[in-house]
Amino acid sequence: MALVTTTEMFKKAYAGGYAIGAFNVNNMEIVQAITEAAGELNSPIILQVSAGARKYANHTYLVKLVEAALIENPNIPIALHLDHGADFEICKSCIDGGFTSVMIDGSKYAFQDNIELTKKVVEYAHAHGVVVEAELGKLAGIEDDVKVSAEDSSYTQPDEVEEFVTKTGVDSLAIAIGTSHGAYKFKPGTKPQLRFDILHEIEKRIPEFPIVLHGASSVPQEYVKIINENGGHLKDAIGVPEDQLREAARSAVCKINIDSDLRLGLTAGVREVLFKDPSIFDPRDYLKVGRANVKAVVAHKIRDVLGSEGKA
Ligand code: G3H
Ligand code: 13P
Ligand code: ZN
């Protein structure tokens, strides 16, 4: 099977009340872990690549790793997606370079400018058989070293979504309802709560349209503990409660983005091995433990959070 777009995946996910996991890939171990988990659970999957990942691992290496995963897992639909494309050029480069889906993230621009930019990407992408995700509203947190403070973040305004979707022709829409990027999403002592009222209002304005949730890591405390017990220092790392993500997956949310949880799993495995046995210096000895953790995280998400097990 070749790489697919997300069109069919989202249609089925919307109708079936589940979501597709979009996991960030940066190296071979992460690609293997995600696709092995998805393959074993017969789940469709989105592998997404950020600008930082392209800078780290190189576009061609990432595409070829994903193609290898496709050969190893021929029975599941896999989409290759650009995460947080900042401008037309990076989207074009990924469209020309084998991706089946791109995100143009114009959320930092004024509404009309976001529309113009998104529309330009949609025209190019659709002419090449590629689908497009855009964003309205602003998430707090860090991506590619750009930090958006909690004060500068803003929820998506339901009043804007219909005009945005109609004028741009975009295929899916990322919204801001209280999630944020990174491992420090909520203040300690506060109760994390996503704004389901905004989500439901948006659903009413654009029925049957696939919604995307970024910043959806749950920050597993078992990995935070392992990291901290093995020389790490992550203080007050708090994520989105998984029951709220499950609730979102049952609604119009068809794509849920997870990166930080994979980083935590990988780092916990590597730290545990190296801290316990300082004589180890074969990368395979620690990377295989990190990779197994990433696989366990993805399997858990597919089975217990996204609901996409058996939907391939
Ligand atoms: O949304 C951000 C993703 O976690 C990607 O992070 O830009 O550091 O690769 P990155
Ligand atoms: P997390 O930092 O919550 O994993 O979010 C990842 C993300 O939104 C990638 O686009
Ligand atoms: Zn994101």
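Note that ligands are numbered from 1 as they come in the structure, with each ligand's atoms numbered from 1 the same way. Along the sequence shown, residues are numbered consecutively beginning with 1.
Looking only at distances, no side-chain donor or acceptor of Gln48 sits under 3.5 Å from a matching main-chain atom of Asn24.
For His214, the heavy-atom gap to ligand 1 stays at 4.0 angstrom or more. Distances shorter than 4.0 angstrom do not occur between any heavy atom of Arg263 and any atom of ligand 2. Using a 4.0 Å cutoff on heavy atoms, Met103 does not count as a contact of ligand 2.
Below 3.5 Å of separation, one finds an N or O of His181 facing an N or O of ligand 1. Residue contacts with ligand 1: Asn24 is placed with no nitrogen or oxygen under 3.5 Å of a nitrogen or oxygen of the ligand (distance criterion only).
Centroid-to-centroid, the aromatic rings of Phe99 and His59 come within less than 6.0 Å.
Of the protein's non-hydrogen atoms, the one nearest atom 2 (O) of ligand 2 is Ser260 OG, 2.7 Å.
If you number the atoms of ligand 1 from 1 as listed, the ones under 4.0 Å from a heavy atom of Asp259 come out as 3 (C), 4 (O), 5 (C), 6 (O). Within ligand 1, the atoms closer than 4.0 Å to a non-hydrogen atom of Ser50 are 5 (C), 7 (O), 9 (O), 10 (P), numbered from 1 in the order shown.
Note: angle at the Zn ion (ligand 3), from ND1 of His214 to NE2 of His84, is 90° (rounded to 10 degrees).
Under the 4.0 Å criterion applied to side-chain N and carboxylate O atoms, Lys120 and Glu116 are not assigned as salt-bridge partners.
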